[in-house]
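Some notes on the structure that comes next.
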There are 2 protein chains.
Amino acid sequence: MPVSDLTNSAQDYLKLIWTATEWSETPITVTVLAERMRVRPSTASDSIKKLKDQGLLIHAPYGTIELTPAGSAHAVDMVRRHRLLETFLVQVLGYGWDEVHDEAEVLEHAVSDTMIERIDQRLGRPTRDPHGDPIPSADGQPHRPGAIQLCHAEPEGEVTVVRISDADPAMLRYFSDIGLTPDAKLTIQKQRPYTDTTTITLSGQQKNIDLGPTASNAVWVT
Amino acid sequence: MPVSDLTNSAQDYLKLIWTATEWSETPITVTVLAERMRVRPSTASDSIKKLKDQGLLIHAPYGTIELTPAGSAHAVDMVRRHRLLETFLVQVLGYGWDEVHDEAEVLEHAVSDTMIERIDQRLGRPTRDPHGDPIPSADGQPHRPGAIQLCHAEPEGEVTVVRISDADPAMLRYFSDIGLTPDAKLTIQKQRPYTDTTTITLSGQQKNIDLGPTASNAVWVT
DNA sequence: CTTCAATGTTAGTCTTGCCGAACTTGGGTG
DNA sequence: CACCCAAGTTCGGCAAGACTAACATTGAAG
Ligand SMILES: [Mn+2]
Ligand SMILES: [Mn+2]
Ligand SMILES: [Mn+2]
Ligand SMILES: [Mn+2]
């Protein structure tokens, strides 16, 4: 099941489709896919058709997009590569967690299976990347924790941060500054629905922190 | 002078043209370039023309190929990337010296300037790669030792291996087996011109070893 | 000085990935 | 229930990189 016969672009599409449903239920649309791939919808639509012709996904015109088992296997392989590389860059080359995503986005297509195996070995077979995302094991099983976004969490008791989206490096630096990282514990003080603000307190601190929707959507807790 | 605006293929052409004259004087031809790029001569010829149009090399039809200062700067950058990556794979990820070339050939186009700098730092600014090839420093100066191929060396006194071509992994494994690696010392017993055999003795061993032209062309000594 | 084979170039075609423009579809809204 | 608009699709075109086939040049041998 090597990934090598697919183009970089095909690998990215599959990975994106797979990750879109990793933390939320709503299936991905052509427009969102195009935005994430930084291409026009017409391009994404074309590409979807080609992937369908290769048997990697199921898609009827104007219908939903769903990976086949073959497509899913490729996607999981790419996710594994991406997250192992991010972890490697932090642990071995001293990168910050806000610097690794773009680097990994390119490297994931370039490293061999051999190199991925050596990195995995060198890191002691990690199960989570620097943002708390689970690293699927070599046999392709993801470990999916049951987590919800901070903005949807009830203000009761202490929760643990399990995952922070790596989409915005500047936001990651802000989170570092205030001590909001995977495994941090915090208490949700208040959810203000129409102000779209979530007030939290990090355990061990007294200070209340107000988070807007961008931040409270990016943080997942249990 | 970042290399990023060039295609992978352009980067490889420039690197190949540069390295062709690193250890020998004869300028590279279109046919040889095509072979090394694993491409047809017509493709190589086309590519040369495009690089000429970009001002990266000088070339009149049917004439010689020569890099401009701009082309040379890009080439040196690629050589630096390639050799730092090979060294990194050996030192940090436990690769054998026969395994690194193909991996580096792909990675060199994918890693960022930042990653190259961190690798260089992590390795303590090495000056030679696992095959003895000099690593140009970040400012682009290559360190060129005055070495000659084993097949052209006179059979007098002890010489030191400075460089072994990494073109053939199987040959590298053979060299490992017999203990012929960069910095090894050896004595040339005899050159048999028309048999194309070079007989050597590695210092510390008594056994004579006969090397054919493939091997004695790949090893450079001082 | 001619010839010719090796070397190099040009022309035409494919594939991939992208675009913009124009068209189709289908789920609300009035 | 008809309409409309956002979402999705199709189409033609372009650039890069590869190929084959045909053509051009060079220089070495006779
Ligand atoms: Mn990432
Ligand atoms: Mn990617
Ligand atoms: Mn190499
Ligand atoms: Mn390369």
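The analysis underlying the following values was restricted to heavy atoms, covering all of them including side chains, and did not include hydrogens, waters or symmetry mates. In what follows, chains are A, B, ... by sequence order, proteins preceding strands, each numbered from 1.
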Between [atom2] on [N] and [atom1] on [X], what's the gap in Å once rounded to a whole number?
{"X": "Q54(A)", "N": "dT15(C)", "atom1": "CD", "atom2": "P", "result": "14 Å"}
{"X": "E35(A)", "N": "dA7(D)", "atom1": "CD", "atom2": "C1'", "result": "12 Å"}
{"X": "Q11(A)", "N": "dG17(C)", "atom1": "CD", "atom2": "P", "result": "10 Å"}
{"X": "I48(A)", "N": "dG8(D)", "atom1": "CD1", "atom2": "P", "result": "10 Å"}
{"X": "D53(B)", "N": "dT10(C)", "atom1": "CG", "atom2": "C1'", "result": "14 Å"}
{"X": "K49(A)", "N": "dT15(C)", "atom1": "NZ", "atom2": "C1'", "result": "15 Å"}

Residues pairing under ring pair (Phe, Tyr, Trp, His ring centres under 6.0 Å) where one sits in residues 98-119 of chain A, two or more places apart or in two chains, turn out to be H82(A)-H101(A)
With a 4.0 Å cut-off, would you call K15(B) and D12(B) a salt bridge? yes
TODO: Give P61(B) one of three labels, base, sugar-phosphate or nothing, depending on what nucleic acid heavy atoms sit under 4.0 Å from its own.
DONE: sugar-phosphate
Side-chain donor/acceptor of T29(B) to base of dT7(C), under 3.5 Å = no
- Item | dT9(D) base / Y62(A) side chain donor-acceptor hit below 3.5 Å | no
Backbone N or O of [Y] within a donor-acceptor pair of the [X] side chain at under 3.5 Å?
{"X": "Q11(A)", "Y": "L6(A)", "answer": "yes"}
{"X": "R118(B)", "Y": "G94(A)", "answer": "yes"}
{"X": "Q191(A)", "Y": "E154(A)", "answer": "no"}

Check your understanding: So, D133(A) and W23(A): side-chain donor and acceptor under 3.5 Å apart, yes or no?
Key -> yes
Picking from dG8(D), dT7(C), dC19(C), the nucleotide nearest the side-chain atoms of T31(A) would be dG8(D)
Produce the list of close N/O pairs, under 3.5 Å, pairing protein atoms with atoms of nucleotides 15-18 of chain D; give distances to one decimal.
from: dG17(D); atom 1: OP1; to: T7(B); atom 2: OG1; distance (Å): 2.6

Checking E108(B), E22(B), E105(B) against R83(B) for salt bridge (Lys or Arg N to Asp or Glu O under 4.0 Å), the one that qualifies is E22(B)
Exercise for review: Would you indicate, yes or no, if dT9(C) has its OP1 or OP2 atom less than 4.0 angstrom from a side-chain nitrogen or oxygen of H59(B)?
Suggested key: yes
